[in-house]
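Throughout, protein chains are lettered first and strands after them, A, B, ... in sequence-line order, and every chain is numbered starting at 1.
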Amino acid sequence: MRIATYNVNGITARLPVLLRWLEETQPDVVCLQELKAPQEKFPEQAIRDAGYKAIWHGQKSWNGVAILSRTEEIEERCRVLPDDPEDLQSRYIEARIKDIVVGCLYLPNGNPAPGPKFDYKLGWFKRFSQHAQQLLNEGVPVVLAGDYNAIPTEKDVYKPERWTEDALFRPETRKAYHNLIAQGWTDAIRKLHPDETVYTFWDYFRDAYGRNAGLRIDHFLLSPQLAPRLQKAEVDRFVRGWEKTSDHGPVWIEIQD
DNA sequence: ATGTCGTAGCCACTACGA
């Protein structure tokens, strides 16, 4: 089974690119972030015509997450962090698909840092990590996929020295990501590409994609019950070269059934 | 500081978030 995550940066503007990518690569399960569309503006019919069932949690202007599935049923578990019911931002949705719990997240960007947005990011990260621990305690196969807005290490950014003050790379963010991994999660891309430079995001500015000035911020974390089934983990970086494309590339893993 | 997108309010462009 192939599971993908893709920050589309606006599903309305991105629909042609999304449909082309789905058609060409046929992932089984897809986690989408940054829909930037209210609940009723999700292109449900176009997604269905492409062969996918979907659940989504929209929001006007910002955020928004969705889970798509080609053949298997999607059993929704929640559409907000369970311990965070007062959060008005649509950043998390979770479902069970076959035997796998799929969490789709869009962690806050947090810039400018320091400041209230950075505080919100760290608070969200903490609540997410608490939920991740609860998922581990269930002892079932879990994948947490999405845009973490976190650069794990210096290997994951084209020029680390330029990013030390950025909310995506500040020590607090790296520490939060490290602590999350330390619960027992496997970073799928790093597991299969331990030394390789792998990016998932290239800024729209200054031809970042052409210069390969990228970041690795979209991650797949696998629970111990799922990690042994990991076969492949890749970035569809060619999609970043298409017209009217997102600043993120789709990332995917192959899981043994 | 800058660069470029997508969205919203509104029909020209500016503000905001990323």
Side-chain angles (χ1 to χ4, degrees), chain A residues 5-21 30-44 46-47 56-66 87-92 104-125 128 145-152 156-170 172-174 176-177 199-219 235-251:
Chain A
T5 185
Y6 187 19
N7 179 321
V8 290
N9 190 5
I11 197 167
T12 308
R14 206 66 62 221
L15 192 57
V17 164
L18 174 62
L19 294 176
R20 178 181 169 191
W21 170 70
V30 183
C31 297
L32 299 177
Q33 302 88 32
E34 266 205 283
L35 304 178
K36 288 184 167 181
Q39 188 69 11
E40 65 276 13
K41 290 282 179 59
F42 185 86
E44 185 177 12
I47 297 291
W56 66 95
H57 190 196
Q59 182 186 331
K60 187 172 160 185
S61 305
W62 317 119
N63 311 314
V65 285
D87 191 1
L88 299 175
Q89 303 192 17
S90 302
R91 296 185 173 276
Y92 189 73
C104 169
L105 67 138
Y106 176 47
L107 212 131
N109 175 295
N111 278 306
K117 292 188 175 180
F118 191 56
D119 295 341
Y120 174 69
K121 174 182 195 153
L122 294 179
W124 204 96
F125 214 143
F128 174 68
D147 179 357
Y148 284 69
N149 270 313
I151 301 166
D156 302 306
V157 48
Y158 66 103
K159 272 194 173 154
E161 66 276 14
R162 285 203 190 163
W163 288 79
T164 51
E165 299 304 310
D166 193 280
L168 279 62
F169 195 52
R170 287 179 70 96
E172 301 94 321
T173 305
R174 275 185 273 174
Y177 187 83
Y199 297 142
T200 67
F201 167 94
W202 298 263
D203 217 307
Y204 286 125
F205 305 157
R206 296 175 246 110
D207 189 33
Y209 179 64
R211 297 184 294 118
N212 196 28
L215 314 174
R216 190 172 75 92
I217 54 175
D218 301 273
H219 308 301
V235 181
D236 283 341
R237 75 192 308 290
F238 59 91
V239 176
R240 182 62 181 80
W242 290 356
E243 290 293 312
K244 300 288 289 177
T245 202
S246 170
D247 40 5
H248 295 251
V251 188

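- Atom pair Y209(A):OH and dC5(B):C1' shows a separation of 17 Å (rounding to whole Å applied).
- Toward the 5' end of DNA chain B, the nearer of the two residues I11(A) and D203(A), judged by each one's closest nucleotide, is D203(A).
- When the nucleotides dA18(B), dG17(B), dA8(B) are ranked by their closest atom to the side chain of W62(A), dG17(B) comes out on top.
- For the pair N149(A) and K244(A), both in contact range of DNA chain B, the more 5′-proximal nearest nucleotide belongs to K244(A).
- Listed by first and then second residue, the salt bridge (Lys or Arg N to Asp or Glu O under 4.0 Å) pairs that reach into residues 205-214 of chain A come to none, sequence neighbours excluded.
- Taking only side-chain atoms of R206(A), from C-beta outward, the nucleotide of dT7(B), dT2(B), dG9(B) with the closest atom is dT2(B).
- In this structure, the nucleotide among dT7(B), dT4(B), dA18(B) sitting nearest to the side chain of Y204(A) is dT4(B).
- Of the residues in residues 32-41 of chain A, those lying under 4.0 Å from DNA chain B by heavy-atom distance are K36(A).
- Rounded to an integer number of Å, the gap from L168(A) CG to dG17(B) P is 16 Å.
- Contact detail for A145(A) and C31(A): the closest heavy-atom pair is CB-SG, 4.1 Å.
- The interatomic distance linking N9(A) (CG) with dA18(B) (C1') rounds to 7 Å, in whole Å.
- Between W56(A) and F42(A), the angle of the ring planes stays under 30°, which puts this pair in the parallel group of the 30/60° scheme.
- Rounded to whole Å, the separation between the P atoms of dC13(B) and dA1(B) comes to 28 Å.
- With rounding to whole Å, Y106(A) atom OH is found 12 Å from dG17(B) atom P.
- Between Q59(A) atom CD and dA8(B) atom P there is a gap of 11 Å when expressed in whole angstrom units.
- Residues Q89(A) and W62(A) are not in side-chain contact: their nearest non-hydrogen atoms beyond the backbone lie 4.5 Å or more apart.
- Counting to the nearest Å, the P atom of dT7(B) and the CZ atom of F42(A) are 14 Å from each other.
- Nucleic acid contact class of T12(A) (heavy atoms, under 4.0 Å, all strands): sugar-phosphate only.
- R91(A) places a side-chain N or O within 3.5 Å of a backbone atom of Y106(A) that can act as its donor or acceptor partner.
- Spacing of P atoms, dC11(B) relative to dA15(B), comes out at 15 Å, to the nearest Å.
- Side chain to side chain, N9(A) and K36(A) meet the donor-acceptor criterion of an N or O pair below 3.5 Å.
- Across the protein-nucleic acid pair, N7(A) atom CG and dT7(B) atom P stand 12 Å apart, rounded to whole Å.
- Between K60(A) and dA8(B), a side-chain N or O to OP1/OP2 separation shorter than 4.0 Å is absent.
- The backbone N or O of I217(A) lies less than 3.5 Å from a partner atom in the side chain of T200(A), making a donor-acceptor pair.
- At whole-Å resolution of the value, CG in N63(A) and C1' in dT7(B) are 12 Å apart.
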